Amino acid sequence: MIDKSLLERSSLFASLSADGLRELARVATLSHVIAPGEILFDIGEPSDALFLITRPRRDTGDDAPVARLEFAAAAGRPIRADHVGEFGVIGGVELLLAGLAPKLPRRCTRAVAVTPLVVARLPAQTVAALGESDTQFRRLLVREGARRLLDAMQVQVRRREVGAEIALAALLAEAAATHGTFHGNRVEFTRKTTQDELADELAVSRRTVAVHLAEWARAGLITTTPLALLDFNRIRLLADLQDVAPADVHQEVVGEIDHLLDAGDLLRARTLALGFAPHFFDAPTLVFRAALAAARLGATSEAAALLERGGFVPGMTGAEVSDLVRAGLNRLRDGDDQDGADDDVRPRTASERRLATDIAALLGRLEKDGFRKAATPQEAQAHAVRAAAAYATAHDIARSPFAAVNRATMTLLAGDAPTAAQLARPYLSDRSPAPSYWSAATAAEALLIAGDRDAARRAFDAAAGLPDSTDGARATTRRQLRLIAPALAMDPDTLAEWMPISRPAAGLGHMIRATDADAPTRAATAKRIAAGVERAFQARTIGALYVSLSCGADIVLAEAALARGAELHVVLPFSIADFRAASVAIGDAEGESDWSRRFDACLASAATITILYPGGVPRLGKDWYYRQTFRHCAGRALERATHLDTEPLLISVVGGGDRETMASSSHGMGEWVAQGLDTAVVDFPLTRPAPAGPAAVPSVAGAAVVFLYPVDDVAPDAAKRLSDALAGRFGDALQVRALKSRRTAYTVVVASIREVRSVVEKARECAAANGVTMRIVCDHGGVRRADGTIIHDQLTRLTGAADVPGAPADMTLATSAYAMEAIFTDRRGQTLVPAGAASDIYALTWD
């Protein structure tokens with residue numbers, strides 16, 4: 001017997017009379033708690049009861065599903081047709097199939113708990129008898145059973161229509177919801193799922209499932225041993241194509257790509273756009289975004305090829321671009337390949353105009369990139385002419401001032417100053433309804449091209465003072481000013497100074513250990529350092545500081561940056577706990593916690609925290625890791641300065657008692673000064689006791705490492721030829737290893753960054769000669785012992801030891817460790833463009 005109020009919570013039983021409710025409550029029984037994944041009833045069992053589902057505690061107040069209903073299929077695994085919420089009733093389909101007769105057939109359904117459940121068991125004969133006597137209740141029983149049967153039929157139909165890839169995505173998304181454990185965007189499963197089970201569920205061959213899973217593994221969406229979802233959001237978007245309106249899925253995909261572009265996660269943005277383009281008839285919205293990501297990566301030829309894939313080629317008129325955009329969007333809306341052309345070729349909506357303008361302007365940008373890289377004046381002029389024409393096309397579509405002024409700029413660079421000035425004159429003032437930095441800077445550029453330099457200088461000053469003016473925006477304008485300075489017979493540095501930008505800085509300095517002096521002396525030393533650091537900050541506008549957080553000067557520098565509103569970027573060689581023990585706690589004497597407290601406060605306010613080697617503190621050779629921490633900070637400051645078109649600064653707190661080792665502050669400052677870079681020196685006023693004994697000899701040495709991954713499955717004979725060819729080129733420097741995917745990968749360890757280009761070129765030649773597509777990832781780390789032998793454990797811990805799925809096979813990639821080492825030690829001819837989230841991966845090219 002159960003409380004009849006429980007039955008009244010069900011929409012099905014609420015219609016029963018008071019007598020009917022009492023009778024059903026009298027014969028019902030309440031079960032024990034059923035665990036998630038447990039089967040309430042199974043296909044083939046007697047169908048002698050219905051079940052009312054409740055939670056053990058009913059105070060959650062949400063509508064999440066608590067059980068899943070599955071139907072038997074003619075072939076293959078049961079159909080997952082319906083999810084049931086709390087106070088839902090299951091087990092009545094068989095009652096409907098029997099015509100509500102008391103004698104019921106064997107079950108054709110299965111019910112599985114999604115969350116912990118308590119169920120009320122309701123005898124089927126009593127329910128059938130109530131249906132006979134109560135017309136309204138009978139109608140509700142029939143409607144509920146018919147709805148579930150219809151759901152099962154619709155699932156079968158959708159499976160046949162949407163294709164195996166989308167159906168597989170939907171199946172995995174559902175499995176994630178029912179028995180998956182979420183770790184952010186990653187999902188791991190609580191029970192093993194085989195490819196045979198997935199194939200049976202989808203009624204397709206195991207090979208079909210294996211092909212899709214292999215493609216997804218290469219794209220970085222899943223791992224297969226064991227099965228886990230690495231990018232649940234993309235799997236979910238694919239699954240949505242089964243049930244959600246395509247226009248809504250398209251809009252969400254575009255929003256996700258734009259978010260990735262804004263965050264600088266260019267590889268994922270490109271991969272997401274290319275992955276979904278076939279599902280949306282190569283919609284121009286996605287083709288454009290894939291090309292934009294490629295252009296920002298510096299892959300100009302790929303960007304041009306992607307635009308050409310959508311039909312967008314240099315020399316198109318505004319009408320032709322507009323027509324292609326509208327035809328592509330019509331295909332997306334209507335789901336077929338309609339022509340879409342008519343007499344009015346101009347886009348009808350603001351979104352169509354914006355997209356057509358953006359595509360035409362991107363064609364112009366690609367030509368502008370060609371102008372920058374041109375080897376001869378004649379080649380540069382040809383690119384400038386084509387860029388001006390592309391921007392003219394963009395202007396024709398939507399009368400964009402941005403496109404018009406860029407057209408004028410490229411006309412100037414093509415050598416036609418009078419025409420450029422004439423083109424710029426209609427845009428000498430900002431006429432936008434809501435003035436922004438970009439609209440104001442565009443008008444200022446028009447003034448400069450038109451020859452009014454004084455007015456242009458005032459306009460640039462005004463633009464720089466607008467609320468949405470940022471260092472990044474001003475840096476883009478500075479690069480444009482440097483580009484046009486020679487055509488105006490002006491000094492590029494003088495013109496760039498019209499756009500002031502804060503400087504990034506690296507910081508380093510001595511520790512203040514508890515053993516260096518008594519507590520009052522240490523406190524006074526820290527105050528004097530803080531005063532000197534404050535003077536250094538007052539003399540310069542610093543926007544970001546890259547520093548470690550050892551007790552002493554590092555923490556004082558970090559606190560000064562935060563006090564002035566600068567971004568703090570912390571770089572640690574080891575995990576936070578290991579670094580605290582090795583480099584922070586030594587500043588506090590017994591009973592003290594000042595440096596530890598300040599360390600925690602700086603971490604809490606840091607914009608980013610980078611841990612270079614999370615594998616733990618090495619027992620030997622710590623000096624090399626501390627040295628690399630400073631070099632990484634220096635590389636970050638140099639990289640940011642390059643992106644902002646400004647000069648970096650080192651703030652160095654140095655003084656007495658510093659023994660010359662590779663990890664010492666004076667050694668780091670010497671490396672910085674040797675690069676001819678600006679330094680602000682703050683005096684360290686404490687003479688520390690000289691360390692006892694000789695300086696430790698480093699037990700590890702840094703080396704550049706090139707990882708080589710065949711992208712696709714390689715036939716055994718081709719793999720053997722490739723291995724032999726690589727061994728012939730690189731000899732003992734080549735390491736061969738087996739990946740979890742059962743492929744063979746290769747590693748080449750070289751002495752210096754300067755040798756990497758030659759290794760990459762030789763590896764690509766070997767791959768091409770043997771018909772193998774190769775992905776290349778460059779890394780740097782302490783992988784050699786002092787005697788030159790390789791430390792294999794350290795080699796496999798490097799970031800580059802993991803493949804980068806989804807990246808273009810012909811693009812050489814680099815980790816941040818390689819990038820910062822290259823930026824600081826060998827900037828000649830290398831271009832490193834951040835390509836992954838938080839600059840974890842870079843696209844590497846050589847001039």
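For reference, positions follow the sequence shown, starting with 1. All figures in this text were calculated on a predicted structure; none of them were measured in a lab.
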Ignoring hydrogens and angles, tell me if any N or O in the side chain of [X] forms a donor-acceptor pair with the backbone of [Y] under 3.5 Å.
X	Y	answer
Asn770	Cys766	yes
Ser548	Val571	yes
Arg775	Ala807	yes
Arg729	Ala725	no
Thr271	Leu274	no
Thr646	Thr642	no
Ser723	Ala719	yes
Arg479	Asp645	no

Ignoring hydrogens, what is the shortest heavy-atom contact between [X] and [Y]? Give both atom names and the distance.
X	Y	answer
Ala291	Leu362	CB-CD2, 3.9 Å
Ile611	Ser575	CG2-N, 3.8 Å
Ala506	Cys633	CB-O, 4.0 Å
Ala703	Val750	CB-O, 3.5 Å
Ala637	Pro648	O-CB, 3.9 Å
His250	Ala283	NE2-CB, 4.3 Å

Can you find a heavy atom in the side chain of [X] that is under 4.5 Å from one in the side chain of [Y]?
X	Y	value
Arg737	Phe707	yes
Gln794	Arg784	no
Leu261	Ile257	yes
Cys778	Val705	no
Arg289	Asp258	yes
Tyr818	Val756	yes
Thr747	Val706	no
Leu213	Leu168	yes

Can [X] and [Y] be counted as an ion pair, charged N to O under 4.0 angstrom?
X	Y	answer
Arg268	Asp265	yes
Asp793	Arg797	no
Arg764	Glu761	no
Glu302	Arg270	yes

Stepwise side-chain contact (heavy atoms from CB on, under 4.5 Å) check, Arg631 with Met820: CA-CA 7 Å; Arg631 291 163 78 96; Met820 295 310 108; over 6 Å; no
Derivation of the side-chain contact (heavy atoms from CB on, under 4.5 Å) call for Leu227 and Phe189: CA-CA 7 Å; Leu227 181 63; Phe189 295 102; 4.0 Å; yes
All side-chain contact (heavy atoms from CB on, under 4.5 Å) counterparts of Ala169, not counting sequence neighbours: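 So Ala169 forms a side-chain contact (heavy atoms from CB on, under 4.5 Å) with Trp216, Ile235, Leu238, Ala239.
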Glu188, CD: over 12 other non-hydrogen atoms inside 6.0 angstrom: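 Yes, the 6.0 Å shell around CD holds more than 12 heavy atoms from other groups.
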Flag if over 12 foreign heavy atoms under 6.0 Å of CG, Asp262: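 Yes - once you tally the heavy atoms of other residues, nucleotides and ligands closer than 6.0 Å, there are more than 12.
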Full working for side-chain hydrogen bond (donor to acceptor under 3.5 Å, both in side chains) between Tyr842 and Gln830: CA-CA 12 Å; Tyr842 288 73; Gln830 296 186 81; over 6 Å; no
Where at least one partner belongs to residues 371-383, residue pairs that pass salt bridge (charged side-chain N to carboxylate O under 4.0 Å, His left out), sequence neighbours excluded: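 For residues 371-383, and leaving out neighbouring residues, the salt bridge (charged side-chain N to carboxylate O under 4.0 Å, His left out) pairs sorted by first residue read Asp369-Arg372.
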Of Leu267, Asp779, Ile776, the residue whose pairing with Leu813 passes side chain to side chain contact (heavy atoms under 4.5 Å, CB included):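 Of the listed residues Leu267, Asp779, Ile776, the side chain to side chain contact (heavy atoms under 4.5 Å, CB included) partner of Leu813 is Leu267.
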To the closest 0.5 Å, what do you measure between [atom1] ([X]) and [atom2] ([Y])?
X	Y	atom1	atom2	answer
Thr799	Ile841	OG1	CD1	7.5 Å
His259	Asn233	NE2	CG	9.5 Å
Thr376	Gln381	OG1	CD	10.0 Å
Leu798	Thr815	CG	OG1	7.5 Å
Tyr746	Gln735	OH	CD	13.0 Å
Arg234	Leu221	CZ	CG	4.5 Å

Polar contact flag, side-chain donor to acceptor under 3.5 angstrom, [X]-[Y]:
X	Y	value
His212	Glu165	no
His632	Glu821	no
Asp196	Thr194	no

Whether His569 and Tyr546 hold their rings parallel, tilted or perpendicular, with breakpoints at 30° and 60°: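 Parallel, since the angle between the ring planes stays under 30°.
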Geometric class of the Tyr613/Trp624 ring pair [parallel <30°, tilted 30-60°, perpendicular >60°]: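 Trp624 and Tyr613: tilted rings.
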Pairing residues for Glu755 by the salt bridge (charged side-chain N to carboxylate O under 4.0 Å, His left out) criterion, not counting sequence neighbours: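 If we apply the salt bridge (charged side-chain N to carboxylate O under 4.0 Å, His left out) test to Glu755, skipping adjacent residues, there are no hits.
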Trace of the side-chain contact (heavy atoms from CB on, under 4.5 Å) decision for Phe371 with Leu413: CA-CA 9 Å; Phe371 174 87; Leu413 295 177; 3.8 Å; yes
Worked verdict on Phe276 versus Leu241 for side-chain contact (heavy atoms from CB on, under 4.5 Å): CA-CA 10 Å; Phe276 275 88; Leu241 290 171; 4.2 Å; yes
is_close_aromatic(Phe232, Phe182), centroid dist under 6.0 Å: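 Centroid distance Phe232-Phe182: below 6.0 Å, so yes.
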